[in-house]
Amino acid sequence: GRRLLAPPVGGRPEIDAPWIYFPYPSVLAVRQRFHRVSARHYRYEGVHNGFVAAFAVAEVVLVTDYPDFWEQIPPSRRRGARPRSPRRRS
(Lines give C-alpha, C1' and ligand atoms only; values in the text may rest on other atoms or scores of the structure.)
Protein backbone atom coordinates (compact mmCIF):
# COMPACT_ATOMS: atom_id res chain seq x y z
CA GLY A 1 0.00 0.00 0.00
CA ARG A 2 0.91 3.64 -0.35
CA ARG A 3 2.19 5.46 2.73
CA LEU A 4 0.25 8.63 3.49
CA LEU A 5 3.30 10.82 4.05
CA ALA A 6 5.25 9.39 1.12
CA PRO A 7 2.95 10.51 -1.70
CA PRO A 8 4.13 10.84 -5.29
CA VAL A 9 5.97 14.08 -6.12
CA GLY A 10 3.33 16.79 -6.35
CA GLY A 11 1.04 15.01 -3.86
CA ARG A 12 -0.47 17.05 -1.00
CA PRO A 13 -1.97 14.76 1.65
CA GLU A 14 -3.71 16.34 4.62
CA ILE A 15 -3.81 14.66 8.00
CA ASP A 16 -5.18 15.32 11.45
CA ALA A 17 -2.33 15.15 13.93
CA PRO A 18 -2.28 15.38 17.72
CA TRP A 19 -1.04 18.74 18.97
CA ILE A 20 0.02 18.88 22.61
CA TYR A 21 -0.17 22.28 24.31
CA PHE A 22 2.13 23.06 27.25
CA PRO A 23 2.14 23.94 30.08
CA TYR A 24 -1.50 22.84 30.07
CA PRO A 25 -1.70 19.16 29.24
CA SER A 26 -4.30 19.40 26.52
CA VAL A 27 -4.31 17.57 23.20
CA LEU A 28 -6.09 18.79 20.09
CA ALA A 29 -6.43 17.36 16.59
CA VAL A 30 -4.97 19.82 14.09
CA ARG A 31 -5.06 19.74 10.29
CA GLN A 32 -1.66 19.56 8.54
CA ARG A 33 -0.69 19.37 4.85
CA PHE A 34 2.54 17.90 3.46
CA HIS A 35 3.27 18.91 -0.16
CA ARG A 36 5.92 16.65 -1.69
CA VAL A 37 7.92 19.10 -3.81
CA SER A 38 10.57 16.59 -4.96
CA ALA A 39 11.77 13.12 -4.03
CA ARG A 40 13.51 14.47 -0.91
CA HIS A 41 11.84 17.82 -0.20
CA TYR A 42 8.51 18.68 1.39
CA ARG A 43 6.59 21.84 2.23
CA TYR A 44 4.69 21.61 5.51
CA GLU A 45 1.57 23.73 6.06
CA GLY A 46 -0.17 24.03 9.39
CA VAL A 47 -3.70 24.40 8.05
CA HIS A 48 -4.81 25.12 11.63
CA ASN A 49 -2.46 28.09 12.13
CA GLY A 50 -0.94 29.13 8.76
CA PHE A 51 2.62 28.06 9.69
CA VAL A 52 4.69 27.06 6.64
CA ALA A 53 8.13 25.39 6.50
CA ALA A 54 10.23 23.47 3.99
CA PHE A 55 12.32 20.45 4.94
CA ALA A 56 14.47 17.71 3.44
CA VAL A 57 14.08 13.99 4.10
CA ALA A 58 16.21 10.85 3.83
CA GLU A 59 15.29 7.89 1.63
CA VAL A 60 13.07 6.46 4.37
CA VAL A 61 11.18 9.78 4.68
CA LEU A 62 12.78 10.82 7.97
CA VAL A 63 13.41 14.55 8.24
CA THR A 64 17.13 15.31 7.84
CA ASP A 65 17.09 19.11 7.56
CA TYR A 66 14.42 21.39 9.03
CA PRO A 67 15.82 24.95 8.63
CA ASP A 68 15.72 27.14 11.73
CA PHE A 69 14.77 24.12 13.88
CA TRP A 70 17.26 21.26 13.54
CA GLU A 71 19.33 19.13 11.19
CA GLN A 72 20.53 15.56 11.31
CA ILE A 73 24.22 15.24 12.09
CA PRO A 74 25.86 12.50 10.03
CA PRO A 75 27.61 9.83 12.13
CA SER A 76 30.99 11.00 10.85
CA ARG A 77 30.43 14.47 12.41
CA ARG A 78 29.13 13.31 15.78
CA ARG A 79 31.23 13.96 18.86
CA GLY A 80 33.60 11.10 19.51
CA ALA A 81 32.96 9.57 16.10
CA ARG A 82 35.75 7.47 14.70
CA PRO A 83 36.13 6.47 11.09
CA ARG A 84 34.83 3.01 10.40
CA SER A 85 37.41 0.45 9.49
CA PRO A 86 36.52 -1.78 6.56
CA ARG A 87 35.20 -5.21 7.51
CA ARG A 88 37.58 -8.05 6.92
CA ARG A 89 36.34 -10.75 4.65
CA SER A 90 37.07 -14.30 5.62
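These numbers come from a predicted model, not from an experiment.
Rounded to the nearest 0.5 Å, atoms OH (Tyr42) and NE2 (His35) are 10.5 Å apart. The CD atom of Glu45 sits 8.0 Å away from atom CD of Glu14, with the distance rounded to the nearest 0.5 Å. Interatomic distance, Gln32 CD to Asp16 CG, rounded to the nearest 0.5 Å: 8.5 Å.
The one candidate from Val30, Val27, Leu28 that meets the side-chain contact (heavy atoms from CB on, under 4.5 Å) condition with Pro18 is Val27.
Hydrophobic clustering keeps Val37 apart from Val52 (ILVMFWY residues linked when any side-chain heavy atoms are closer than 4.5 Å, directly or through intermediates). Residue Tyr44 is not grouped with residue Val9 when hydrophobic side chains (ILVMFWY) are merged at heavy-atom distances under 4.5 angstrom, including chains of intermediate members.
In this structure a side-chain-to-backbone donor-acceptor pair under 3.5 Å is missing from Arg31 to Val47.
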